[in-house]
2 protein chains.
Amino acid sequence: MAKSIKEIAQELNVSKSTVSLVINHKAEQARISKELERRVLDYVEKVGYKPNSLAKSLATGRSNTIGLIVENIGDSFFGPFALHVEELLRKKNYHVLYSSTLGDPQNAQDIIDFMLEKKVEGILLAPTVNLEEHQRKILENKVPLVVFDRNSPEVATHYVHIDNGDSSRKACLHLQSIGCKNFGLITIDSDQPQMLARKNAYLQFCEETGMQARILQLPYNRLRQKGIAALRSWVSKNVDLDGLFFTTNYLCILGLKSLRSEGGEHFNFPLFSFDDHELFDILNPKISCIQQPLEPLAKTCVKVLLKEIDSGITSPKEYVISTNLIKR
Amino acid sequence: MAKSIKEIAQELNVSKSTVSLVINHKAEQARISKELERRVLDYVEKVGYKPNSLAKSLATGRSNTIGLIVENIGDSFFGPFALHVEELLRKKNYHVLYSSTLGDPQNAQDIIDFMLEKKVEGILLAPTVNLEEHQRKILENKVPLVVFDRNSPEVATHYVHIDNGDSSRKACLHLQSIGCKNFGLITIDSDQPQMLARKNAYLQFCEETGMQARILQLPYNRLRQKGIAALRSWVSKNVDLDGLFFTTNYLCILGLKSLRSEGGEHFNFPLFSFDDHELFDILNPKISCIQQPLEPLAKTCVKVLLKEIDSGITSPKEYVISTNLIKR
DNA sequence: TATTTCTACTAAAACGTATTAGTAAAGATA
DNA sequence: TATCTTTACTAATACGTTTTAGTAGAAATA
């Protein structure tokens, strides 16, 4: 069905080179006559020739594809982020090979291997833990790498992120400013650097103000029913709590489900979320949050990656995107 | 850095064929001696050989990649759906090339062309309007195609979907059962078949019960501020409304934002959404909905597609997945 | 001992493209 | 008219793999 250059060349009684050169707009520099050029062009159009991009990539070494590795393409941060990335790259004639790690390093490693085999021209990565070796592998393969959202300090890469510590501090100050004197922190039981930074800023705030630190760490892979129950009982035990600061929006949603379920009417204090959610502004009471500006984040990632692809790998830099405090 | 089979063969003083055969576990059937096999295997391991999957695909005609084309990877239906698909295919050693059309046929066409050029082994597609020709093109290229969520009746393909009409009817009956006597329908101004089916079931219900039909159709690409205002004023005008049925969850969210904004306290009647949302069960009052079971949907799509890939293209069938009515 | 059968490989072609060096014919130069 | 340029192409090689047909030498057969 789909014709190859070879077939087209035979049918036109010219060489493959001629056809290839014409197709790639190199007729002029290869001194192909206008007439022949037209003849080829017309025929190519007529039979609806479509190049086999595998063969093309093999020959040129360019796949026009970049890899995007996120934690979960289905969540409300990475999904829309991915959409932005795709849109930005579409304009530059790149396409995106996505994959979700679900936080599992084994998945992440498989995905990276696969992408390297597919010869992606660059990788945008939100790393899991224990991914240092594979990140190095990417760089050893001379594939540009931009890490975002979180990083592994032990391996030097371009790193696009928000200032977690500062944002977390802003959150604390906000809660203080609206009158909370004893707010707790709900976070996740993981040593991801961005989570640590959020927690540490809270601890720092406690130290400065003398507020007693109250922290609940939930295990990452038990977030549904068990998490809801654990959270509820923890809050019940800490009777003097007058506010909660969640270090991610899915934790906040968990918190909502936990505290708003039957019998939870008396848990009536402000909640604050790290990361926004499309429904936070219609809940009652409304939920204030730190908002990560997705578009600037995506833009920076894409810009940095494309620069690396164009001009070769340069020494790693850090790009900090400032967050918004949304008061509701 | 990355060695090729050719280099490995030279360094071991054997032929490329030998190396290739060993790597692909065909040493036995090609009568390669155990010793040589070991020698090759060890060396391959030692130098960390990784195949170039472009070359491999070119030679074998298999890319181990399938294309997934959705409307918006960032939304709360397609995002989690995509995750399921990815997980299911990962197990079968397939990878996913995603893309979002944003409802634009031009995007959709470009994406399809790109995927055909990339030689995906199958395509999972949620079509936009005016995509008939390109769907045919996919089939002409002998690439298995499974359409889901919506379809174009003019082109015969495998089609996995929920029963929109029946589900919509269930929704109406539910609203009736909780006492609504005059509920309106908010839908989108589009002739996507699944939207028509939802609307028509409502009209049918009106006819049967004698309820007066009240329908607001919002233009798809003006869903933000303008939509909110339009919806608010429409509801204000229809003073006897005592319930609203939204044909998608994003319309429902729009509705929430519209009716719950300042001064909207008196709009206090049940809302019903087609498609669930993670926060619908903690809003007050809770929002009932039709839930599309993502996992069965994804499973069916993947199963049908893989079967096509394995055993060649078969005559199109329709697969209807039943929905759940979630009463809250 | 001449022929057949195994064994253990390898040579060669193929997948579909890009690219560079080369070439035959025509025209220009001296 | 012998040499140099230019024109308009094409042949050949490469990219990295898979696969099939082939082959040299050893072993078995008759």
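Labels below follow one simple rule: chain letters A, B, ... track the order of the sequence lines, proteins then strands, and each chain is numbered from 1.
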Whichever of B:Ser15 and B:Arg31 has the more 5' nearest nucleotide on DNA chain C, that residue is B:Arg31

DNA chain C: A:Ile23 or A:Lys6, which has the more 5' nearest nucleotide?
-> A:Lys6

Has the side chain of [X] got a donor or acceptor atom that lies under 3.5 Å from a matching backbone atom of [Y]?
X        : Y        : value
B:Ser311 : B:Lys307 : yes
A:Thr65  : A:Ser63  : yes
B:Thr60  : B:Arg62  : yes
B:Glu7   : B:Ser4   : yes
A:Thr101 : A:Asn107 : no
A:Asp75  : A:Phe77  : yes

With sugar-phosphate meaning primed atoms plus P, OP1 and OP2, does B:Ile5 contact a base, only sugar-phosphate, or nothing at under 4.0 Å between heavy atoms?
-> sugar-phosphate

Is any side-chain heavy atom of A:Phe114 closer than 4.5 Å to a side-chain heavy atom of B:Asn64?
-> no

Can you measure [X] atom [atom1] to [N] atom [atom2] for me and round it to whole angstrom units?
X       : N      : atom1 : atom2 : result
A:Gln29 : D:dA8  : CD    : P     : 15 Å
A:Glu28 : D:dA8  : CD    : P     : 11 Å
A:Leu58 : D:dC15 : CG    : P     : 9 Å
B:Asn52 : D:dA14 : CG    : C1'   : 13 Å
A:Leu36 : D:dT10 : CG    : C1'   : 12 Å
A:Ile32 : D:dT10 : CD1   : P     : 7 Å
A:Glu35 : D:dC9  : CD    : C1'   : 13 Å

Just the endpoints, please: which first and last nucleotides of DNA chain C, 5' to 3', lie under 4.0 Å from a heavy atom of chain B?
-> C:dT7 to C:dG16

Would you call the rings of A:Phe81 and A:Phe78 parallel, tilted or perpendicular, where under 30° means parallel and over 60° means perpendicular?
-> perpendicular

For D:dC15, does OP1 or OP2 lie under 4.0 Å from any side-chain N or O of B:Ser4?
-> no

Kindly give the atom pairs (protein nitrogen or oxygen, nucleotide nitrogen or oxygen) under 3.5 Å for nucleotides 19-29 of chain D.
{"residue": "D:dT19", "atom": "OP2", "partner": "B:Lys26", "partner atom": "NZ", "Å": "2.6"}

Reported CD-to-CD1 distance for the pair B:Gln292 and B:Ile162, which is rounded to 0.5 angstrom = 3.5 Å

